[in-house]
2 protein chains.
Amino acid sequence: MPPRTRRPQRRTDALSRERIVETAVELLDTAGETGLTFRALTERLATGPGAIYWHVANKGELLGAATDAVVAAAVTPGRSEPTAAAEPTGSAEPAADTAGSPTAQTAPGSPQDRIRRVALGLFDAIEAHPWLAPQLAAQLSRTPWGSVTPRIFESVGRQVRALGVPEGSWFTATSALVHYVLGAAGQNAVNAAHGRALGPGLDRAAFLDATSTAWEELDPDDYPFTRAVAAQARDHDDREQFLAGIDLILTGITVTAAGHTPARAEE
Amino acid sequence: MPPRTRRPQRRTDALSRERIVETAVELLDTAGETGLTFRALTERLATGPGAIYWHVANKGELLGAATDAVVAAAVTPGRSEPTAAAEPTGSAEPAADTAGSPTAQTAPGSPQDRIRRVALGLFDAIEAHPWLAPQLAAQLSRTPWGSVTPRIFESVGRQVRALGVPEGSWFTATSALVHYVLGAAGQNAVNAAHGRALGPGLDRAAFLDATSTAWEELDPDDYPFTRAVAAQARDHDDREQFLAGIDLILTGITVTAAGHTPARAEE
DNA sequence: ACCTGAACACCGTTCAAGT
DNA sequence: ACCTGAACACCGTTCAAGT
């Protein structure tokens, strides 16, 4: 039972699917995956469960809508997330990019740059919303015809096309990139989870340290490689690492498109 | 309430953590993610919930153990899964490989081959156990110091080392491969889900067809690329596609290791 | 040490009833 | 058309009690 700091009634604007999804994202961000319940939702929205069920079919659909909303915001360039803010988005200026590059209407830079930007967008979204990673996996494996997969696929695929990849390889190249991004982002989501399972005050660096320490304590006979690499794991930078992987795949794509295919040719 | 086809008591051998985990995997395979409940578990094991809680801390730990058991069986070469079988594994011969290659004590073939084999092992495990994909994501993002990540990491990493990659790139190259495998396997898990959300009788091919049809019906203005690629998506082979992605990354790794790094150099 | 099973708090969902 | 809120079936987990 949380303290009654929140005013129990805010009947200002009417209930809407959008407002419900918005509140769901808030709840997920604040209280984690287990924090999204219909009771918490009804309390925040000052209604009964029936009202929510009029706008939303069930909890699964609500989770899907929340996932889609966050992904859409992350993948659409120049749009910041309106999730946490209660007021509708006006003409908000895009936040300053950490890379220093301006965000224009048509994204600037080489196709490689734009792929990196899309990938980092998703990466950061998962870091900001740790519940997104397993949700994304569940979403994708259940309904790939939903709106989440095409959204990501489209953003990446356009740049693959711009890269000059022959049409016959579009699907393969785009799939490889998307799968990598989802896998890597999912794995790295933990770094933003505020030490849920670790106790408070254990931040990102301490967490990495704990992980690589755990790896160093593995059985030398069973895990020689993982132990040897534990040191590298300790002081790696997530985003750099993530981008290095993107570059590895981009290299593979461009080299393969040029007709070399050394991975198979070597054998 | 299922019909009483199962004998309600099978008090043959004593309860054990292993037997509980085994039954959990059975339940997950049979009834899906929602099928694993403590009631179903107690019914199958003919005990009370307290007995289970004596061997297992909570449901999360049980899910983790089930995930680890399946991953271990998939990643360890020459070991088939003992999950569905009730009798303890004796000296079972490895099942015939679909690729026709014999399974020796030390896995044969080039490092590339062995990487493909490990990757396919996980791929097939996720296909056989559709609940594994989101579970893996949840597992990895919560406790990367657990046993699942090192297991996968070690199997892939040894082959990366054998590939002749310089030590400074071990972590990056292995991470890229592991992330891709997890992302791709998760996404493809759906193809083995027996049309849970689609109704019975809708098999793999029909499912792919439905997906690409959905993609073809997307808005032409918003999704030109995805629409253009829908046909390729329709008749692609999952495993081929998956391996093509692996090869793309292997190409990137070997080319980058040779000092070219064309992805960044090109700009 | 290992197991039993009633009991508890909580959850998603439904639905007759209101406006 | 949109919302209310009591009620239902079910869930994970606990714990005093047994052997």
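Of the residues in residues 51-62 of chain B, those with a non-hydrogen atom less than 4.0 angstrom from any atom of DNA chain C are B/A51, B/W54, B/H55.
Between B/V181 and the options B/L122, B/I126, B/I152, a side chain to side chain contact (heavy atoms under 4.5 Å, CB included) holds for only B/L122.
A salt bridge links B/R239 to B/D124: one of the charged nitrogens lies within less than 4.0 Å of a carboxylate oxygen. A salt bridge is defined here as a Lys NZ or Arg NE, NH1 or NH2 lying under 4.0 Å from an Asp or Glu carboxylate O, and B/D219 with B/R227 fails to meet this definition. Contact check on B/R44 versus B/E22 returns no salt bridge, with no Lys/Arg side-chain nitrogen under 4.0 Å from an Asp/Glu carboxylate oxygen. Ion pairing of B/R151 with A/D222 is absent here, as no side-chain N (NZ or NE/NH1/NH2) approaches a carboxylate O to less than 4.0 Å.
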* **Strand DNA chain D in bracket notation, Watson-Crick/G-U under 3.5 Å with | for pairs to another chain** => ||.|||||...|||||.||
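DNA chain D is contacted by both A/S16 and B/R39; A/S16 maps to the nucleotide lying nearer its 5′ end (nearest heavy atom per residue).
Scored by the side chain to side chain contact (heavy atoms under 4.5 Å, CB included) test, A/F38 finds A/I52, A/Y53, A/K59 as partners (sequence neighbours excluded).
Atom CZ in B/F38 sits about 23 Å away from atom P in D/dA9, given to the nearest Å. Atoms CG (B/L36) and C1' (D/dC10) sit 15 Å apart, rounded to a whole Å.
Going from the C1' atom of D/dC10 to that of C/dA9 covers 13 Å, rounded to whole Å.
When only modelled atom types and interatomic distance are considered, B/E154 and A/T226 share a side-chain donor-acceptor pair under 3.5 Å.
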